[in-house]
A.B. asks: 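Structure incoming, see below.
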Amino acid sequence: MVRIQNKSTGLFSMRAAFAALSVSTVLLSSVSGYAQDKPAAVAPQTPPVIAGKLAPLGQSVAGPASVADMAEGLLDAVVNISTSQTVKDENGEEKAEPAPEVPDGSPFQEFFDDFFSEENQKDGGSAARKMQSLGSGFVIDAKKGLVVTNNHVIADADEIEVNFTDGKKLKAELLGTDTKTDIALLKVDPTKHKLTDVSFGDSEKSRIGDWVMAIGNPFGLGGTVTLGIISARNRDIQAGPYDNFIQTDAAINRGNSGGPLFDMHGKVIGINTAIISPTGGSIGIGFAIPSELAVSVIQQLEEFGETRRGWLGVRIQPVTDDVAESFGMKEAKGALVAGLIANSGVENKELMAGDVILKFDGKDVENARELPRVVAESPVGKEVSVLVLRKGKEQTVTIKLGRLEDYENKDKTADAKDGAKAKEAAAVTVLGMTLGKLDDAQRKQYEISEDVEGVLISAVEAKSTAEEKRVKAGDVIVEFAQETVKAPADIQKKIEKLRQQGRKNALLMLAAPSGELRFVTLRID
């Protein structure tokens, strides 16, 4: 973090004036530090390039047109999201601010003893500590007061506040969240402030090399505009089961999460959500949720307060070259059915283990990664035709889809019955890391900030992938596969689920002891 300090002295004005007068001298100074009287040498002029050819000297080449007018019309629709969360102890009780340590005999000792006494805390004398976070969002419906942001921006928040560019602040109601796509929908009272909204565009029409503009609140500085291009499409960064990110080099930093990615028509084609960076700052590799995926999720959150995804009730894995060859396929494509999931609530008996799904509801399935997303976007209860390759022959079967969330709720209930003992495991070793519970003793040992919560990494295996990614003891796993984790057993279960889904990598959000966040991916196979 760069800190700018302003240290005034009595000679400030004179020195500033002198510095201003001698800028040209400094710029022309030689290495030895003495001023040059003669003009500096001018580098030979390089001809600009036009359509791959060198343009004549003196002919200027225009860069991209200014986006100032477009940015001016969009800034008011982009908001800052601030949240607060009450810190609780292991028993779910509010954790009060600890009393400061003062030397014996200090004149303030009696005051602190009084103020931080147990009785006074019960009477509200010492409020529980609050954690705060900042992110971005944007208004999609001014009449209804609907605001979109990332789920991880508002996760576990007790209070959510939307801050507008003119300084106005409004309390927000959480309408719904979706952890799988990292989207959250908020609502503010539109009668209390004049809102400006933006609309979604078609991310499917975007092309690699198209100009895009990101607006957000990096590092809490306020509304900030950055410009770049689409670097890639359909990126899978192992953040969730429906990864289909737009990659951009438009600067996205901490605090930009939840902000919009605009095309050059001022339409939102993405929601900025993640970066890959060793430092936590932008290095030109940012990711946005495409509008084609986000729109349907947002519509469901508005209508139902939750998602309602189609569910096929099968385990799948990729069709490798070896598998394709063994099945007599000309190319490796489709999704291989590894088995049917018991008690899935789906009428899928027409499918068999070993089937290769080539088309789903008329849509080609190029690989195993595409199938879950296509199925999830289908209506619950719909009867769909599925083209499969079975024993060397293509045939069509009909499946009636179930609802993914119904199955997941059953799964959560079963997990809850496993007991709390597994969750309280002292330490486990996974992916080259030894994980343990983050308690007060560990905080003190590694000097971990009080606002950092998650699973502690107490050791990293030498020459492991984790060590190569600069993961070290004292780091804390805040999120694993884009879901908050509290205990080592949480991570073990998520790894197992990722393996069942055929995932090869997991995305981790790590916090350094100081609280600095960064993302890393680790192989899980």
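The figures here come from the full heavy-atom set of this structure, side chains too, leaving out hydrogens, waters and symmetry mates. As the structure is a prediction and not an experimental result, all values here were calculated from the model.
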A.B. asks: Heavy-atom count check: over 12 atoms from other residues, nucleotides or ligands less than 6.0 Å from Asp166 CG?
C.D. replies: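 Yes, CG of Asp166 has more than 12 neighbouring heavy atoms, counting only those of other groups under 6.0 Å.
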A.B. asks: What residues form a side chain to side chain donor-acceptor pair (under 3.5 Å) with Thr191, not counting sequence neighbours?
C.D. replies: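 With sequence neighbours excluded, Thr191 shows a side chain to side chain donor-acceptor pair (under 3.5 Å) to Asp189, given in chain and number order.
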A.B. asks: Between Asp249 and Ile229, is there a donor-acceptor pair closer than 3.5 Å when you use the side chain of the first and the backbone of the second?
C.D. replies: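 A pair under 3.5 Å: yes.
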A.B. asks: Of all the heavy-atom pairs spanning Ala184 and Leu174, show the shortest one and how long it is.
C.D. replies: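 Distance-wise, the nearest heavy atoms are CB-CD1, 4.3 Å.
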A.B. asks: Decide side-chain contact (heavy atoms from CB on, under 4.5 Å) for Ser458 and Gln442; before the verdict, give the C-alpha distance in whole Å, the side-chain angles of both, and the deciding distance to 0.1 Å.
C.D. replies: CA-CA 9 Å; Ser458 57; Gln442 302 289 0; 5.5 Å; no
A.B. asks: Would a distance-only check, ignoring hydrogens and angles, find a side-chain to backbone donor-acceptor pair under 3.5 Å from Thr149 to Ser136?
C.D. replies: yes
A.B. asks: Using every non-hydrogen atom in the two residues, find where Val188 and Ala172 come nearest and quote the distance to one decimal.
C.D. replies: CG1-CB, 4.0 Å
A.B. asks: Using a 3.5 Å distance criterion without hydrogens, assess whether the side chain of Asn150 forms a donor-acceptor pair with backbone atoms of Asp182.
C.D. replies: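 Between the backbone of Asp182 and the side chain of Asn150 there is a qualifying donor-acceptor contact (under 3.5 Å).
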A.B. asks: Rounded to the nearest 0.5 Å, what separation is found between the CG atom of Asp202 and the OG atom of Ser291?
C.D. replies: 6.0 Å
A.B. asks: If I take atom CG from residue Asn234 and atom CG from residue Asn244, how far apart are they, to the nearest 0.5 angstrom?
C.D. replies: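 One gets 4.5 Å once the value is rounded to the nearest 0.5 Å.
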A.B. asks: Within the 4.5 Å heavy-atom criterion, are Ile289 and Phe245 side-chain neighbours or not?
C.D. replies: yes
A.B. asks: Is it the case that the side chain of Asp490 and the backbone of Ala487 share a donor-acceptor pair, with hydrogens and angles ignored and the cut-off at 3.5 Å?
C.D. replies: yes
A.B. asks: Residues two or more places apart in sequence or in another chain: which of them pass salt bridge (Lys or Arg N to Asp or Glu O under 4.0 Å) with Lys205?
C.D. replies: none
A.B. asks: Is there a side-chain contact between Lys437 and Val455, using heavy atoms and a 4.5 Å cut-off?
C.D. replies: no
A.B. asks: To check you understand the geometry: which heavy-atom pair defines the closest contact between Ala511 and Leu517, and what is its length?
C.D. replies: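 Closest approach of Ala511 to Leu517, heavy atoms only: CB-CD2, 3.7 Å.
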A.B. asks: Can a side-chain donor-acceptor contact be found between Glu405 and Thr307 if the only test is distance below 3.5 angstrom?
C.D. replies: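 Thr307 vs Glu405: donor-acceptor pair found between side chains.
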A.B. asks: Only counting residues at least two apart or in another chain, list the ones meeting side chain to side chain donor-acceptor pair (under 3.5 Å) with Glu72.
C.D. replies: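 Here no residue qualifies.
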A.B. asks: Is Val147 close to Leu185 at the side-chain level, that is, under 4.5 Å between some pair of heavy atoms?
C.D. replies: no
A.B. asks: Do Lys187 and Glu302 sit within salt-bridge range, that is, some charged N less than 4.0 Å from a carboxylate O?
C.D. replies: no
A.B. asks: So, do Ile275 and Phe287 sit near enough that their side-chain heavy atoms are less than 4.5 Å apart?
C.D. replies: no
A.B. asks: Taking the side chain as every heavy atom from C-beta outward, state whether Met433 and Leu508 have any pair of such atoms under 4.5 Å apart.
C.D. replies: yes
A.B. asks: Using a cut-off of 6.0 Å, state whether more than 12 heavy atoms not belonging to Lys169 lie near its atom NZ.
C.D. replies: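 Counting neighbours around NZ of Lys169, 12 or fewer heavy atoms of other residues, nucleotides or ligands fall under 6.0 Å, so no.
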A.B. asks: Walk me through it: do Leu293 and Glu377 pass the test side-chain contact (heavy atoms from CB on, under 4.5 Å)?
C.D. replies: CA-CA 8 Å; Leu293 178 62; Glu377 292 173 351; 3.9 Å; yes
A.B. asks: Apply side-chain contact (heavy atoms from CB on, under 4.5 Å) to the pair Arg254 and Glu516, showing each step before the final yes or no.
C.D. replies: CA-CA 10 Å; Arg254 290 178 59 190; Glu516 292 287 335; 2.8 Å; yes
A.B. asks: Hey, does the side chain of Ser449 reach the backbone of Gly515 with a donor-acceptor pair shorter than 3.5 angstrom?
C.D. replies: no
A.B. asks: Check whether any side-chain N or O of Asp475 sits under 3.5 Å from a backbone N or O of Lys472 as a donor-acceptor pair, and report yes or no.
C.D. replies: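 Checking the backbone N and O of Lys472 against the side chain of Asp475, a donor-acceptor pair under 3.5 Å is found.
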A.B. asks: Under a 4.0 Å N-O cut-off, is there an ion pair linking Glu204 with Arg233?
C.D. replies: yes
A.B. asks: What is the minimum heavy-atom distance between Ile252 and Gly286, and which atoms define it?
C.D. replies: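 Taking Ile252 first and Gly286 second, the nearest heavy atoms are CD1-CA, 4.1 Å.
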A.B. asks: Not counting sequence neighbours, which residues clear salt bridge (Lys or Arg N to Asp or Glu O under 4.0 Å) with Lys494? List them please.
C.D. replies: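 Lys494: salt bridge (Lys or Arg N to Asp or Glu O under 4.0 Å) contacts with Glu483.
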A.B. asks: Given side-chain contact (heavy atoms from CB on, under 4.5 Å), test Val268 with Phe138 step by step and report yes or no.
C.D. replies: CA-CA 10 Å; Val268 179; Phe138 54 100; 4.0 Å; yes
A.B. asks: Between Arg308 and Glu303, does any NZ, NE, NH1 or NH2 come within less than 4.0 Å of an OD or OE carboxylate oxygen?
C.D. replies: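 Salt bridge absent between Glu303 and Arg308.
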A.B. asks: Can you give me the closest heavy-atom contact between Leu170 and Lys192, atom names plus distance?
C.D. replies: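 Nearest heavy atoms, Leu170 then Lys192: CD2-CB, 3.8 Å.
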A.B. asks: For the pair Asp243 (side chain) and Asp236 (backbone), establish whether a donor and an acceptor sit closer than 3.5 Å, ignoring hydrogens and angles.
C.D. replies: no
A.B. asks: Supply the atom-to-atom distance Asp440 CG to Glu450 CD, rounded to the nearest 0.5 angstrom.
C.D. replies: 7.0 Å
A.B. asks: Once you round to the nearest 0.5 Å, how far does CZ of Phe480 lie from CG of Leu498?
C.D. replies: 6.0 Å
A.B. asks: Does Ser344 offer a backbone N or O that forms a donor-acceptor pair with the side chain of Trp311 under 3.5 Å?
C.D. replies: yes
A.B. asks: Considering all heavy atoms of both residues, which atom of Ser203 and which atom of Ile269 are nearest to each other, and what is their separation?
C.D. replies: CB-O, 3.5 Å
A.B. asks: Counting only N and O atoms by type, is there a donor-acceptor contact under 3.5 Å from the side chain of Ser82 to the main-chain atoms of Asn80?
C.D. replies: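 No: the side chain of Ser82 does not pair with the backbone of Asn80.
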A.B. asks: Nearest 0.5 Å, what's the OG-CG distance between Ser378 and Leu401?
C.D. replies: 5.5 Å
A.B. asks: Answer yes or no: is there a donor N or O on one side and an acceptor on the other, between the side chain of Asp263 and the main chain of Lys267, under 3.5 Å?
C.D. replies: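 Indeed, once roles are kept as given, a pair shorter than 3.5 Å links the two residues.
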A.B. asks: Compute whether any side-chain donor of one residue and acceptor of the other, for Asn151 and Thr179, lie under 3.5 angstrom apart.
C.D. replies: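 Side-chain D/A pair, Asn151 to Thr179: absent.
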A.B. asks: Looking at residues at least two apart in the chain, or sitting in another chain, which of them share a ring pair (Phe, Tyr, Trp, His ring centres under 6.0 Å) with Phe164?
C.D. replies: His193
A.B. asks: If you define the side chain from C-beta out and look only at heavy atoms, does anything of Thr484 sit under 4.5 Å from Val478?
C.D. replies: no
A.B. asks: State, yes or no, whether a side-chain contact exists between Ile298 and Ile140 at a heavy-atom distance under 4.5 Å.
C.D. replies: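 Side-chain contact under 4.5 Å: yes.
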A.B. asks: Mind checking the OH-CG spacing from Tyr407 to Asn343? Nearest 0.5 Å is all I need.
C.D. replies: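 One finds 8.5 Å between OH of Tyr407 and CG of Asn343.
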A.B. asks: Determine whether Val139 and Thr196 make a side-chain contact, defined as any pair of heavy atoms from C-beta on separated by less than 4.5 Å.
C.D. replies: no
A.B. asks: With Asp178, which residues qualify under salt bridge (Lys or Arg N to Asp or Glu O under 4.0 Å), at least two apart?
C.D. replies: Arg309
